[in-house]
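Before any comments, here is the structure.
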Amino acid sequence: MTPKKQDKLNRKKASRQSPQHKAAIAEREARGWARPVQTPKNPKAIDRPLKLSDEEIVWVKSMLIHEDGVIMGFNKPSNLSSQGGRGNFHNLDDMLWAFARSNGNKPRLLHRLDRDTSGIILAAKTRTSAAFVGNAIAARDVHKTYVCIVAHPHNLKD
C-alpha cells in the first residue's frame, strides 16, 4: 500500500472514531434508523455456502494438520485442486465449508499449490488474518521451501 493510500485509510479510520461521528450514529439509532444489511445481488462463489456430504467432511478434516486461533494447515494430496476453475467442483477451497463458522464465514486459502502437487497449504480463519498474512506474503516476509522426493522406478516395490 502506498503511503498516500495508507494516510487516507488512517484518516478515514480516525474520523469514524471521532466523538462527532459516534454522536451522529447514536442520534440515527435513537430515531429508529438502522443501516440495512447489504447483500450482493450475485454473491461471489467464495461466499456461497456449499453443502458437503458426510464423507467429504470427514475427508477434508483428515487433512487438517495444524489449527490455532488464526491459521489452519492442511496436508493437500496430489490430484486435488486448491481452487475451482475449469469446471472442477471438488477442490480444497470448496471443501473448507466443512469449517464454516456459525456466522457463515469459512476459512480462506492463503496461497495455492498446483493440482498435481502435494504439500502443506494454509488457510486463514478470518478476513483480517487473511489480509495480514496476504500482505506478509506480498511483502516477501514469508518464505516457502519446496522439497522434491525422487525414487528410481527400479527401487520401488509393488
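By convention here, the first residue in the shown sequence is residue 1.
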Examine Leu64 and Leu92 and state if one hydrophobic cluster contains both, with Ile, Leu, Val, Met, Phe, Trp and Tyr joined whenever side-chain heavy atoms are less than 4.5 Å apart. yes
Decide yes or no for Lys106 and Phe99: does some side-chain heavy atom of the first lie under 4.5 Å from some side-chain heavy atom of the second? no
Does anything in residues 58-83 pair up under salt bridge (Lys or Arg N to Asp or Glu O under 4.0 Å), and if so which pairs, sequence neighbours excluded? Glu67-Lys125
Show which side-chain atoms of residues 129-150 pair as donor or acceptor with protein atoms under 3.5 Å away, not counting sequence neighbours.
| from | atom 1 | to | atom 2 | distance (Å) |
| --- | --- | --- | --- | --- |
| Ser129 | OG | Thr126 | N | 3.2 |
| Ser129 | OG | Thr126 | O | 3.0 |
| Ser129 | OG | Thr126 | OG1 | 2.9 |
| Asn135 | ND2 | Ala131 | O | 3.2 |

Nearest-0.5 Å distance that lies between atom CD in Gln83 and atom CZ in Arg115: 14.0 Å
Would you check if the side chain of Asp114 reaches a backbone N or O of Asp116 as a donor-acceptor pair within less than 3.5 Å? no
Separation between CG (Asn75) and CE (Met63), nearest 0.5 Å, reads 9.0 Å
Lys/Arg-Asp/Glu bridge criterion (N-O < 4.0 Å) met for Asp93, Arg112: no
Under 3.5 Å donor-acceptor, Ser82 side chain and Leu113 backbone: yes
Flag the pair Met72 / Leu122 as yes when at least one side-chain heavy-atom distance between them is below 4.5 Å, and no otherwise. no
Look up atom OG in Ser118 and atom CG in Leu80, then write down how far apart they are to the nearest 0.5 Å. 11.0 Å
If Ile, Leu, Val, Met, Phe, Trp and Tyr residues are connected whenever their side-chain heavy atoms lie under 4.5 Å apart, and connections chain through other members, are Ile65 and Val70 in the same group? yes
For Leu109 and Leu96, work out which heavy atoms get closest and say how close. CD2-CD1, 3.8 Å
Shortest non-hydrogen contact from Val60 toward Ala98: CG1-CB, 3.6 Å
Looking at Leu52 and Met95, what are the two nearest heavy atoms and their distance? CD1-O, 3.5 Å
For Ile71 against Ala124, the heavy-atom pair lying closest together: CD1-CA, 4.4 Å
Do any N or O atoms from the side chain of His66 and from the backbone of Phe74 form a donor-acceptor pair under 3.5 angstrom? no
